[in-house]
Amino acid sequence: MKRNALIVLGILLFSCKQEKETTLHVEEGQALTATKELSINNPIIKDVFTADPAAIVHNDTVYLYAGHDEAPNDFNFYRMNEWLVFSSTNMVDWTSHPVPLKVSDFEWAKADAWAAQVIERNGKFYWYVTVEHGTVPGKSIGVAVADSPTGPFKDALGKALITNDMTKATDISWDDIDPSVIIDDDGQAYLFWGNTVCYYAKLKENMVELDGEIKTIDLPNFTEAPWIHKKGDWYYLSYAYLFPEKTAYAMSKSIEGPWEYKGILNELAGNTNTNHQAIIEYKGQDYFIYHTGGIQPNGGSFRRSVCIDRLHYNEDGTLQRVIMTSEGIQK
């Protein structure tokens, strides 16, 4: 009996070992097959340089808005005269639409189609943009409006919403950049923006007037590129951190704070000094949209390209660090 029991035990152990090895072999085979079949999807737009992404979801379609990096190869600064729009229903295949908005569409502006964001309210689409003001020294924020997410957009105010003389927390002339906008659950809209100082203010329901004073938020090593979003009970304020820029984030249970700094979200973006993010949820998945200098041989800090990777939340609401990949999102 003892000998028979040992034989049975040996057979069981051998079977378990074989099953484990077979499973391991199958899993490895699947991993190898999957790796072979993955497409290189980042950057997502390869025929034109795109930067400072923003995105919205409307009617089951994602609309991606980006600045157009137009600097020639021997020009080492930003040359941006217009914004671009693309759409997708799978986050992989992107359709380019006619140029919806240019700096020249704002008669009071003179240059620099820098970072911008679109939001929808009451059937209209409001586009908050950064431009160089024509008469008030420094950067400013304007608003364009359209009846469609792809435009055409037109100046909603005929003047800037924010000018450099309205913000006094720093003396630099480029602190009024990178607008991010949100409509809270109670219908109150907020605008966030800034460089070296993070500003925010309420917007009236018409979306083209401030509703109260401009306030500031103290965030560790805030550089620029605030992005405000909400998921569940938490508000998230992500932003460019230090320079060259990483992306960091803070969390709060109230959109007016206090904000608790949570750490780095994204490391230095490849081959570019800047790091500018958009965060959306689409069809039950969360996405981190950013730019790199990833198109070679001429990509870099002034010829950037939009990329997308998955974003993951922990059970306590904190964010897992983004893993930037060449493969990006797969079908």
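Computed over heavy atoms, backbone and side chain alike; hydrogens, waters and symmetry mates excluded. Source: prediction; values computed, not measured. Just so you know, residue 1 is the first one in the sequence shown, and it goes up from there.
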Could you check if a side-chain atom of Cys307 sits within less than 4.5 angstrom of a side-chain atom of Pro43, using non-hydrogen atoms only? yes
dist Gln117:CD -> Ile228:CD1 (nearest 0.5 Å) comes out at 10.0 Å
Does the side chain of Ile289 reach to within under 4.5 Å of the side chain of Ile280, using non-hydrogen atoms? yes
Side-chain H-bond candidate by donor/acceptor type, Asn195 with Trp174, under 3.5 Å: yes
Let me confirm one number: the CD-NZ distance from Glu281 to Lys231, rounded to the nearest 0.5 Å. 3.5 Å
If we ignore hydrogens and angles and just use 3.5 Å, is the side chain of Gln277 paired with the main-chain N or O of Ser238 as donor and acceptor? yes
Heavy-atom side-chain contact between His312 and Asp286 under 4.5 Å: no
For atom CD1 of Ile323, decide whether the heavy atoms of other residues, nucleotides or ligands shown that lie under 6.0 angstrom number more than 12. no
Rounded to the nearest 0.5 Å, what separates atom OG in Ser180 from atom CD1 in Ile119? 8.5 Å
Examine Lys215 relative to Tyr199 and say whether NZ or CZ is less than 6.0 Å from the centre of the six-membered ring and inside a 45° cone about the ring axis. no
Would Tyr313 and Tyr236 count as a ring pair (Phe, Tyr, Trp, His ring centres under 6.0 Å) here? Give the steps. CA-CA 11 Å; Tyr313 293 79; Tyr236 298 83; 5.5 Å; yes
Please work out whether the ring planes of His97 and Tyr63 are parallel, tilted or perpendicular, with thresholds of 30° and 60°. tilted
Could you check, using the six-membered ring where one of them is a Trp, whether Tyr235 and Tyr190 have ring centers closer than 6.0 angstrom? no
Using 30° and 60° as the class boundaries, would you call the ring planes of Phe222 and Tyr239 parallel, tilted or perpendicular? tilted
Any Lys/Arg nitrogen of Arg79 or Glu70 sitting under 4.0 Å from an Asp/Glu carboxylate oxygen of the other? no
Identified ring pair (Phe, Tyr, Trp, His ring centres under 6.0 Å) partner of Tyr65 from the options Trp83, Tyr128, Trp127: Trp127
Does a donor on one side chain and an acceptor on the other come within less than 3.5 Å for Thr325 and Asp309? yes
Tell me whether Val181 is reachable from Ile217 by hopping between hydrophobic residues (I, L, V, M, F, W, Y) whose side-chain heavy atoms are closer than 4.5 Å. no
Do Ser326 and Asn42 come close enough that some side-chain heavy atom pair is under 4.5 Å? no
Just wondering, are more than 12 heavy atoms of other shown residues or ligands nearer than 6.0 Å to CD in Glu205? no
So, His291 versus Thr50: side-chain donor-acceptor pair below 3.5 Å or not? no
Do Tyr241 and Thr223 have side chains that approach each other closer than 4.5 Å (heavy atoms only, starting at C-beta)? no
If you measure from the Lys or Arg side-chain nitrogens to the Asp or Glu carboxylate oxygens, is any gap between Glu267 and Arg321 under 4.0 Å? yes
Regarding Asp69 and Arg304, does a basic nitrogen lie under 4.0 Å from an acidic carboxylate oxygen? yes
Determine, step by step, whether Asp233 and Lys253 satisfy the salt bridge (charged side-chain N to carboxylate O under 4.0 Å, His left out) criterion, reporting the C-alpha distance in whole Å, the side-chain angles of both residues, the deciding distance to 0.1 Å, and the verdict. CA-CA 6 Å; Asp233 294 331; Lys253 283 292 181 72; 5.1 Å; no
Should we say atom CD of Glu107 is surrounded by more than 12 heavy atoms from elsewhere, each under 6.0 Å from it? no
Cut-off 3.5 Å, side chains only: do Ser173 and Asn164 have a donor facing an acceptor? no
Side-chain heavy atoms of Glu120 within contact of Ile183, under 4.5 Å: no
Give the ring-plane orientation class for Tyr78 versus Phe302, where under 30° counts as parallel, over 60° as perpendicular and anything between as tilted. perpendicular
So does Lys139 pair up with Asp112, basic N to acidic O under 4.0 Å? yes
Given the rule that I, L, V, M, F, W and Y join up when any side-chain heavy atoms are under 4.5 Å apart, are Leu237 and Ile255 in one cluster? yes
CD on Glu209 to NZ on Lys202, rounded to 0.5 Å: 15.0 Å
Please work out which of the three classes, parallel, tilted or perpendicular, describes the rings of Tyr282 and Tyr287, given edges at 30° and 60°. tilted
Determine, using ring centers only, whether Phe77 and Phe75 are less than 6.0 Å apart. no
N/O donor-acceptor pair under 3.5 Å between Asp316 side chain and Thr318 backbone: yes
Centroid separation Phe125 to His58 less than 6.0 Å: yes
Measure from the side-chain N and O atoms of Asn59 to the backbone N and O of Thr61, and report whether any donor-acceptor pair falls under 3.5 Å. no
Are Leu311 and Ile329 connected, step by step, through hydrophobic side chains (Ile, Leu, Val, Met, Phe, Trp, Tyr) whose heavy atoms are closer than 4.5 Å? no
Within the supplied structure, the quantity of interest is the number of heavy atoms (other residues, nucleotides, ligands) at a distance under 6.0 Å from Asn90 CG; does it exceed 12? yes
Any side-chain heavy-atom pair of Thr247 and Phe288 under 4.5 Å: yes
More than 12 non-hydrogen atoms from neighbouring residues, nucleotides or ligands closer than 6.0 Å to CG on Asp171, yes or no? no
Would you check if Ile308 and Met91 make a side-chain contact, meaning some heavy-atom pair closer than 4.5 Å? yes
Modelled atom types, side-chain donor and acceptor of Asp165 and Thr163, under 3.5 Å: yes
Tracing side-chain links under 4.5 Å among I, L, V, M, F, W and Y, which residues wind up in one group with Phe243? none
No-hydrogen, no-angle side-chain donor-acceptor test under 3.5 Å, Thr150 and Ser148: yes
Take Asp185 and Lys230 through the test salt bridge (charged side-chain N to carboxylate O under 4.0 Å, His left out) and record every step on the way to the result. CA-CA 9 Å; Asp185 298 337; Lys230 187 182 184 187; 2.4 Å; yes
Just by distance, no angles: are the side chains of Asp178 and Trp114 close enough, under 3.5 Å, to form a donor-acceptor pair? no
Starting from Val197, can I reach Trp193 by hopping between I/L/V/M/F/W/Y residues whose side chains sit under 4.5 Å apart? yes
Quick one: do Phe106 and Phe153 end up in the same hydrophobic cluster if we chain Ile, Leu, Val, Met, Phe, Trp and Tyr together by side-chain heavy atoms under 4.5 Å apart? yes
If we count only N and O atoms by modelled type, under 3.5 Å, do the side chains of Asn41 and Glu327 hold a donor and an acceptor together? no
